[in-house]
Amino acid sequence: MLIIKTIQEYRNQLVKTKKEHATIGFAPTMGALHEGHLSLIRRSKEVNSLSVCSIFVNPTQFNDPKDFEKYPQTIEADIALLVKEKCDILFLPDVKEMYPDGMGNTGKIDFGFSAKTLEGEFRPGHFDGMAQIVEKLLLAVMPDNLYMGQKDFQQAMIVSLLIKKRKLPIHLEVCPIKREKSGLAMSSRNTRLNANDLLIAAELYKTLKAVKSQIKKEQITSTAQAEAAAQKRLQKFNSIKLEYFSWRKVTTLKPIAATPLSEQSVLLIAAWIGGVRLIDNVLID
Ligand code: AMP
């Protein structure tokens, strides 16, 4: 695997090998890699002749500076995992490379309601910083196919809007959520949970599944009811601080007022456990 730290170096490499590569697949990450990340690389390798992973802990998407400081960094282990997966290139830029002119954001895109609700409400500025770095990474790596996880449902939606708004010739594939045996969605942040919190964290997915099952049985027919059911279930756990639980339309993220629904929907949750913020979601079709 080639480890490339600058955009210029990456371009030089592409020029050298361009004819060999029909398509480039790309999975951007913030490192502390787990099976969820690796599933994106595996999918890329199935489809593309060149697979690129990036690791960059992007300062501008952390609305909480403490979260940024505490973000796990395990670069040696990450490199070993990527080598094992036969990832072709690891793009590993530093902050200066990605933000040569400082971290001001002059090219903000208005993503409308999709970026204002849920994560947008609880993490002000997060999606501006995320879109800023994803655009920079896409322009640097120039992939044909981009792989992102359903785990960050709203993020993938906003990146799809970014691609449309900037008219980038890139296909986004959203890959399924990889989970621990307990059902807990894999996340780099899980490494910051102690053994007890890890057990309790599995309640988030259990709650998503329980509410989904009630929706399927038509016992729940609106976002307000879904939220109330989740709150009731989770209030037993003192260490879970629920930020939001919501039932939304997949295409617009608008709340569900009534059923039957003519489109796909999604249940989304964000909660704090042991000082760590976790998110998860399940699709309902
Ligand atoms: P991150 O390093 O958290 O920024 O995530 C990098 C990419 O991996 C994003 O597209 C995430 O949605 C995806 N990802 C993170 N966790 C999982 C998971 N458990 N299953 C599938 N994809 C994931």
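Just so you know, residue 1 is the first one in the sequence shown, and it goes up from there. Atoms within a ligand are numbered from 1 in the order they appear, just like the ligands themselves.
- A distance below 6.0 Å separates the ring centres of F62 and Y71.
- Short contacts between ligand 1 and H34, defined as distances under 4.0 Å to a heavy atom of the residue, involve ligand atoms 15 (C), 16 (N), 17 (C).
- The shortest N or O to N or O distance between K151 and ligand 1 is not under 3.5 Å.
- There is a side-chain donor-acceptor pair under 3.5 Å between S246 and R248.
- Those atoms of ligand 1 with a heavy atom of P176 less than 4.0 angstrom away are 20 (N), 21 (C).
- Nearest protein neighbour of atom 20 (N) of ligand 1, counting heavy atoms only, is K178 N, 2.9 Å.
- Using a 4.0 Å cut-off between heavy atoms, S187 makes no contact with ligand 1 at all.
- Under 4.0 Å is where a charged nitrogen must lie from a carboxylate oxygen, and between R123 and E243 no such pair does.
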Does Y147 form a side-chain hydrogen bond (donor to acceptor under 3.5 Å, both in side chains) with S51? I'd like the steps, not just the answer.
CA-CA 10 Å; Y147 299 90; S51 291; over 6 Å; no
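- Near P28, meaning under 4.0 Å from any of its heavy atoms, are these atoms of ligand 1: 6 (C), 7 (C).
- The closest donor-acceptor contact from the side chain of S188 to the backbone of G31 lies under 3.5 Å.
- Ligand 1 has an N or O atom lying under 3.5 Å from an N or O atom of M30, backbone or side chain.
- Looking at M186 next to ligand 1, an N or O pair under 3.5 Å apart turns up.
- At least one N or O atom of H37, backbone or side chain, sits closer than 3.5 Å to an N or O atom of ligand 1.
- With respect to atom 11 (C) of ligand 1, the closest heavy atom belonging to the protein is D152 OD2, 3.1 Å.
- When hydrogens are left out, the protein atom nearest atom 3 (O) of ligand 1 is Y71 OH, 3.8 Å; that is the closest non-hydrogen contact.
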Salt bridge (Lys or Arg N to Asp or Glu O under 4.0 Å) assessment of E46 paired with R43
CA-CA 5 Å; E46 270 172 33; R43 178 67 188 139; 2.7 Å; yes
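- By the 4.0 Å N-to-carboxylate-O rule, R42 lies close enough to E35 to be salt-bridged with it.
- Among G149, P72, A185, the residue whose heavy atom sits closest to atom 22 (N) of ligand 1 is G149.
- Checked for salt-bridge contact, D67 and R192 meet the test: a charged N lies under 4.0 Å from a carboxylate O.
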